[in-house]
Engineer: 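Can you read through this structure? Questions will come right after.
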Amino acid sequence: MAEIDNKDLIEYLLRLGDSTLVLGQRLAEWCGHAPAIEEDIALTNTALDLIGQARQLLSYAGELEGSGRDEDALAFLRDELEFHNLTLTELEGGDFGRTVLRMLLFAAYQVVLWQVLLRSTDARLAAIAEKSLKESRYHLRYGADWIVRLGDGTEESHRRMQAALEYMWSFTAELFDRDEVEARLAGVVPSSDSLRSAWEGIVLPVLAAATLQVPTVAGYLSRGKYGIHSEALGPLLAEMQFLQRAYPGGNW
Amino acid sequence: MTGFHDQWPQYEVFIKSRNGLEHKHFSSLHATDGQHALLLARDVYTRRQEGNSLWVVAASDVSQNGAEPAAGRSDTPRQFEVFLRLKPGLDHKHIGSVDACDAAAALRSAETAFGQYPAGSLWVLPSASVLTSEAEWSGPFFDAMADKTYRLPTFYQLPAAVNNM
Amino acid sequence: MYTQALDLPGVQATDSAVTEAPCVGFDEKLAADIKIEPSDPMPDAYRKTLIRQISQHAHSEIVGMLPEGNWITRAPTLKRKAILLAKVQDEGGHGLYLYAAAETLGVSRDTMVAALLDGSAKYSSIFNYPTLSWADIGVIGWLVDGAAITNQVPLCRCSYGPYARAMVRVCKEESFHQRQGYDLLVAMMKGSAAQRAMVQEAVDRWWWPVLMMFGPHDQDSVHGATSMKWGIKRFSNDDLRQKFVDATVPQAEVLGVTLPDPDLKWNAERGHYDFGAIDWNEFWQVVKGNGPCNRERMAARIKAHEDGAWVREAARVHAEKKTARQAH
């Protein structure tokens with residue numbers, strides 16, 4: 001097998017790590033504000049899992065880079081254009097319905113991805129995948145249950161979920177868009193377009209059980225993982241990075 | 001204000017600790033149904049790997065000695081799980097099962113099988129009403145908590161003079 | 001987290017245990033230190049006192065998520081973010097354990113939540129103070145949780161079984177809360193001058209409100225004596241406050257901060273630290289709803305409850321549909 005370029009692997013790790021970090025940050029916004037205490041605690045468990053995954057992925061990226069940047073330097077001292085998260089993860093949370101819908105869409109993607117990365121020729125990435133797969137399977141089950149409850153609940157909840165789906169759906173195309181970075185990493189990582197059918201195999205039956213209509217308009221192809229974001233990411237980072245930016249070199 | 005009287009039904013949660021032999025009553029929570037209760041029990045009550053097996057049951061399905069038993073009678077005997085509080089201050093622990101046509105008969109059978117206990121010490125609940133965490137989901141349910149060591153006091157090494165905090 | 005005496009002055013504690021018909025075995029159990037369990041006979045006033053105390057304790061945990069929650073999205077490292085999230089989540093868990101313990105006394109969670117949101121139930125005043133810097137997160141862990149632990153450890157031996165068992169679980173988890181706070185402050189004190197100043201400023205702001213967490217002086221505490229008799233409370237407010245001050249002063253020295261009280265000094269004769277007078281006027285103002293964040297805290301709880309109404313309703317309706325389908 002051809003030698004892979006660390007720069008490609010770093011780029012790929014940032015896509016995964018930034019996605020889990022940014023979604024973890026979005027979920028963390030719920031802490032103390034959820035519809036029931038039990039759900040508050042459940043959402044926070046997911047946020048903690050995602051932040052934990054981000055720490056592993058960013059640490060690995062920093063080590064490969066070899067210029068002394070650790071997980072925090074990468075999380076707190078990069079600007080918007082240097083973030084490689086999926087646009088889906090950065091969108092403003094909105095209501096609980098939108099939050100659990102995104103959890104379903106993203107967790108299904110993660111489950112499918114980790115299952116392939118389990119067999120990655122990169123042992124460290126495979127180990128991260130093995131640990132993360134357990135977490136993502138749980139997020140998927142939790143999210144899917146909620147989508148069915150809310151989609152097939154009251155008229156209001158159905159309307160809200162359909163609206164959430166219309167809003168979020170167009171951002172899912174980005175999940176399966178592939179580029180030359182992935183191509184050069186063949187064997188180490190899967191090609192994103194190869195994940196789509198497995199993902200649909202998980203997501204579509206849940207949406208059907210929830211009596212939701214899958215939008216037919218393909219829409220705009222978002223490009224967050226290539227560093228071109230929505231306007232939602234900037235304020236998220238400004239808030240998240242405030243202390244590190246205001247007190248450079250601080251000891252925390 | 002809306003939504004003041006909209007709590008979900010109450011479920012009792014039982015956990016088998018990693019080294020424990022039987023399921024022990026832990027506490028309760030509110031959920032829409034048993035499956036939901038099972039997931040929430042995992043999220044609420046096993047944040048520090050408190051156990052590796054969960055049982056949940058609707059609180060309305062629990063009958064205790066000395067109180068009005070839960071309704072529901074079958075023509076043929078069905079299985080009830082029996083929980084005992086050995087003495088005041090302790091949690092109810094699973095001690096076995098009995099067959100009976102209703103909760104009142106199950107409580108009588110339990111007393112015959114396991115001895116006479118003060119009011120409130122024995123619980124019986126229909127086995128069919130119990131939802132259990134599936135073995136094949138053990139990883140997603142319980143392993144995710146393993147690496148969250150920052151939840152433990154030992155994670156923090158404080159200056160020696162105050163390390164007993 | 002918890003404060004002992006939340007009741008407004010002038011409200012007389014009802015001691016109906018004296019007039020009520022005796023409950024079989026109740027006094028004997030108390031005398032023998034045998035736990036009272038939900039199905040045991042108990043005086044109505046005992047039940048009411050427990051419901052009030054446990055539900056206020058639960059409300060305090062839930063409202064207590066808000067001041068620290070204010071910094072989750074701004075935590076300076078990923079490790080600190082995870083720690084803070086886990087900690088605030090624990091407060092939610094504690095609220096839930098306590099609501100569940102109160103429910104064993106025959107009160108519904110709906111009823112308790114309604115009392116919080118309509119303002120008739122109290123919660124710990126400390127959570128009506130704002131969190132203004134990252135150092136507040138450390139100081140809350142060290143001092144506020146430290147005070148809470150001092151208050152709560154005796155409750156693990158409380159006479160009511162479900163409350164005692166809930167408190168054992170709470171106390172076990174609180175230990176991490178205090179340690180992470182102190183650990184955070186130690187890190188900041190090793191940092192820049194600006195960081196050290198931030199820590200001192202936070203200590204200055206929180207010290208007196210924390211001392212108020214133990215409630216009024218014993219002679220002004222309306223429920224003290226009855227609660228002691230019933231084994232719901234084991235030590236007086238002043239005793240616990242003293243215990244806390246004695247434990248905290250050396251910790252402040254190790255940390256390298258000054259506690260903002262010129263009267264604070266060791267009294268060799270008493271074997272305790274003396275400390276200055278507490279501003280009880282401020283305490284009662286905050287209890288009565290006029291603290292710096294009372295309105296914001298209530299507004300946040302009401303908003304979460306109202307925003308969640310459609311979710312709770314839809315989930316209930318879906319469960320009903322599912323049951324109906326299974327019946328067919």
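Computed from heavy atoms alone, side chains included, the values below leave out hydrogens, waters and symmetry copies. Throughout, protein chains are lettered first and strands after them, A, B, ... in sequence-line order, and every chain is numbered starting at 1.
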Engineer: Are any non-hydrogen side-chain atoms of A:E39 and B:L40 less than 4.5 angstrom apart?
Structural biologist: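 Side chain of A:E39 against side chain of B:L40, heavy atoms only: contact under 4.5 Å found.
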
Engineer: Report, as yes or no, whether the 6.0 Å neighbourhood of atom CD on B:E136 holds more than 12 heavy atoms from other residues, nucleotides or ligands.
Structural biologist: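 Yes, because the 6.0 Å sphere around CD of B:E136 holds more than 12 heavy atoms from other groups.
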
Engineer: Side chain, backbone, both or neither: which part of A:L48 has a non-hydrogen atom closer than 4.5 Å to chain B?
Structural biologist: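 Both backbone and side chain.
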
Engineer: Might you point out which heavy atoms bring A:A36 and B:W8 nearest each other, and give the distance in Å?
Structural biologist: CB-CZ3, 4.0 Å

Engineer: Considering residues, nucleotides and ligands other than A:E92, do more than 12 of their heavy atoms fall under 6.0 Å from its CD?
Structural biologist: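 Atom CD in A:E92 is not packed in, count stays at 12 or less.
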
Engineer: Apply the test side-chain contact (heavy atoms from CB on, under 4.5 Å) to residues B:F141 and A:K134: give CA-CA distance (whole Å), side-chain angles for both, the deciding distance (0.1 Å), then the verdict.
Structural biologist: CA-CA 8 Å; B:F141 261 56; A:K134 292 176 187 171; over 6 Å; no

Engineer: Testing the basics here: between B:D43 and A:Y142, what is the closest heavy-atom pair and its distance to 0.1 Å?
Structural biologist: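 Between these two residues, the closest heavy atoms are OD2-CD1, 4.4 Å.
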
Engineer: Taking side chain as C-beta onward, heavy atoms only, is A:E38 less than 4.5 Å from B:H36?
Structural biologist: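 Contact flag for A:E38/B:H36 side chains = no.
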
Engineer: Step by step, would you call B:D143 with A:K131 a side-chain contact (heavy atoms from CB on, under 4.5 Å)?
Structural biologist: CA-CA 8 Å; B:D143 290 0; A:K131 180 192 163 293; over 6 Å; no

Engineer: Given heavy-atom pairs under 4.5 angstrom as the criterion, report whether the side chain, backbone, both or neither of A:D145 touches chain B.
Structural biologist: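 For A:D145, the side chain is the part near chain B, not the backbone.
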
Engineer: Could you grab the distance from atom CG of A:N45 to atom NZ of B:K148, nearest 0.5 Å is fine?
Structural biologist: 7.5 Å

Engineer: Is the number of heavy atoms from other residues, nucleotides or ligands under 6.0 Å of B:K24 NZ greater than 12?
Structural biologist: no

Engineer: The test is salt bridge (Lys or Arg N to Asp or Glu O under 4.0 Å); show your working for A:R141 and B:E134 and say whether it passes.
Structural biologist: CA-CA 13 Å; A:R141 179 166 166 181; B:E134 311 92 324; 3.5 Å; yes

Engineer: Taking atom CD as the centre, does A:Q213 end up with more than 12 heavy-atom neighbours from other residues, nucleotides or ligands that are less than 6.0 angstrom away?
Structural biologist: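 Atom CD in A:Q213 is not packed in, count stays at 12 or less.
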
Engineer: Using non-hydrogen atoms only, which part of B:F142 is less than 4.5 Å away from chain A: side chain, backbone, both, or neither?
Structural biologist: neither

